[in-house]
**Q** 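Input: one structure, supplied below.
So that the names make sense, note that chain A is the first sequence line, chain B the second, and so on, each numbered from 1.
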Number of protein chains: 2
Amino acid sequence: METTTLQRAYDVYEDRCPTRLVLDRIADKWALLILDRLDGEPVRFNHIRRDIKGISQKVLSQTLKKLERDGLVSRTVFATVPVTVEYALTPLGRTLTETVATLAHWAERNMDAVLTAQRTYDAAAELR
Amino acid sequence: METTTLQRAYDVYEDRCPTRLVLDRIADKWALLILDRLDGEPVRFNHIRRDIKGISQKVLSQTLKKLERDGLVSRTVFATVPVTVEYALTPLGRTLTETVATLAHWAERNMDAVLTAQRTYDAAAELR
DNA sequence: CGGGATCCGAGCAGATACTG
DNA sequence: CAGTATCTGCTCGGATCCCG
């Protein structure tokens, strides 16, 4: 077979190489939404939670921790009362959001085409 | 808040708009690997299965069906004995793989940085 | 405010067996 | 060859309670 980039990444994962770990992070819908939300000025925990409707505090916390571990997001604690915590993109994270934005634009542009395809597919399945 | 593309997509989803459905598809690791594998000439079912190590036949079948429903992948049956089925990207699917490839390249380029960040993070956590 | 700890149910994934 | 069907985990995510 011809070898594509993603496939190489996967092959390597099978040998316990970590490119795939990066892919797993990218393929997480909550992580994508959070990264996208952090594009701009630093944001506080509950602020993110309010903005990304439907995310639970648990999942938000877990995902932020993963992103911080990967060096994509920074976490800054301010010793106020009560405590204030700000999350922001690291320079590395910023390079990723540029790519992620491309995906988002694709989704916006091609949403209608996908929906039309779905309706056609479902209509054909109906006949059986 | 400032409104980003992905956030708009999510907001709309909360109102049952379908942009988010597209994002859910994109955020699926198996779907990404399959789309990437299909970039090129048409491929048969078991061929994909062999190439994408670790995928089960059930998940491959389900994911291909979703991708076909979304109009990203085409399925062609040849009346041989036994039956031959070829999967290929549709023109729409091809526009997506271009973007996906960008993500894959990001992963390749920044894998080392991510790993270093993880080690630093874990070392710091170790001290507690 | 920014989380951690716990419990619980649904859904997804793996293994196996069977079929046109 | 290209799947479907079934069963069985087992993880993920939601809800709730709590704390510094």
**Q** On DNA chain D, nearest-nucleotide positions of A/P82 versus B/Q62: which is more 5'?
**A**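 Whichever sits nearer the 5' end wins; that is B/Q62.
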**Q** Evaluate B/V77 against B/V83 for side chain to side chain contact (heavy atoms under 4.5 Å, CB included), listing each step before the verdict.
**A** CA-CA 7 Å; B/V77 182; B/V83 156; 4.0 Å; yes
**Q** When you group the ILVMFWY residues by side-chain heavy-atom contacts below 4.5 Å and let the links chain together, are A/F45 and A/F78 in the same group?
**A**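 In one cluster with A/F78: A/F45, no.
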**Q** For A/R49 and D/dG13, what is the distance between atoms CZ and P respectively, to the nearest whole Å?
**A**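 For the pair A/R49 CZ and D/dG13 P, the rounded distance is 15 Å.
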**Q** Atom NZ of A/K53 to atom P of D/dG13: distance rounded to whole Å?
**A** 21 Å
**Q** Rounding to an integer number of Å, can you tell me how far B/R44 CZ sits from D/dG3 P?
**A**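 Interatomic distance, CZ of B/R44 to P of D/dG3: 11 Å.
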**Q** Kindly point out which of C/dG14, D/dA2, C/dG2 is positioned nearest to the side chain of B/V59?
**A**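 Output: C/dG14.
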**Q** Which part of the nucleic acid, if any, lies within reach of A/Y87 when heavy atoms closer than 4.0 Å are counted: base, sugar-phosphate only, or nothing?
**A**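 Counting heavy atoms under 4.0 Å across all strands, the contact made by A/Y87 is with sugar-phosphate only.
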**Q** Rounding to a whole Å, what distance do you find between B/K58:NZ and D/dT8:C1'?
**A**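 Going from B/K58 (NZ) to D/dT8 (C1'), I get 10 Å.
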**Q** Measuring from atom CG of A/L35 to atom CG of A/L67, what distance do you get when rounded to the nearest 0.5 angstrom?
**A**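 Separation between the atoms: 5.0 Å.
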**Q** D/dT4, OP1 or OP2 - any side-chain N/O from B/S61 closer than 4.0 Å?
**A**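 It does, given that an N or O in the side chain of B/S61 lies less than 4.0 Å from OP1 or OP2 of D/dT4.
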**Q** Given 3.5 Å as the limit, does a donor-acceptor pair link the side chain of B/T90 with the main chain of B/G71, or not?
**A** yes
**Q** Whole Å only: how far is the CG atom of A/L64 from the C1' atom of C/dG4?
**A**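 From A/L64 CG to C/dG4 C1': 14 Å.
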**Q** When the distance from CH2 of B/W30 to C1' of C/dA13 is rounded to whole Å, what number comes out?
**A** 10 Å
**Q** Starting at atom NZ of A/K65, determine the distance to atom C1' of D/dG13, rounded to an integer number of angstrom.
**A** 15 Å
**Q** Ignoring backbone atoms, test whether B/S56 places a side-chain nitrogen or oxygen under 4.0 Å from the OP1 or OP2 oxygen of C/dG14.
**A** yes
**Q** Tell me the interatomic distance from A/Q57, atom CD, to D/dC17, atom C1', rounded to whole angstroms.
**A**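 These atoms are roughly 11 Å apart.
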**Q** What's the closest nucleotide to the A/V85 side chain, out of D/dA2, C/dG14, C/dG2?
**A** C/dG2
**Q** Can you identify which nucleotide, out of C/dG3, C/dA13, D/dT4, has its nearest atom closest to the A/R75 side chain?
**A** C/dG3
**Q** Do B/D39 and B/R94 meet the salt-bridge criterion of a basic N to acidic O distance under 4.0 Å?
**A**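 Yes.
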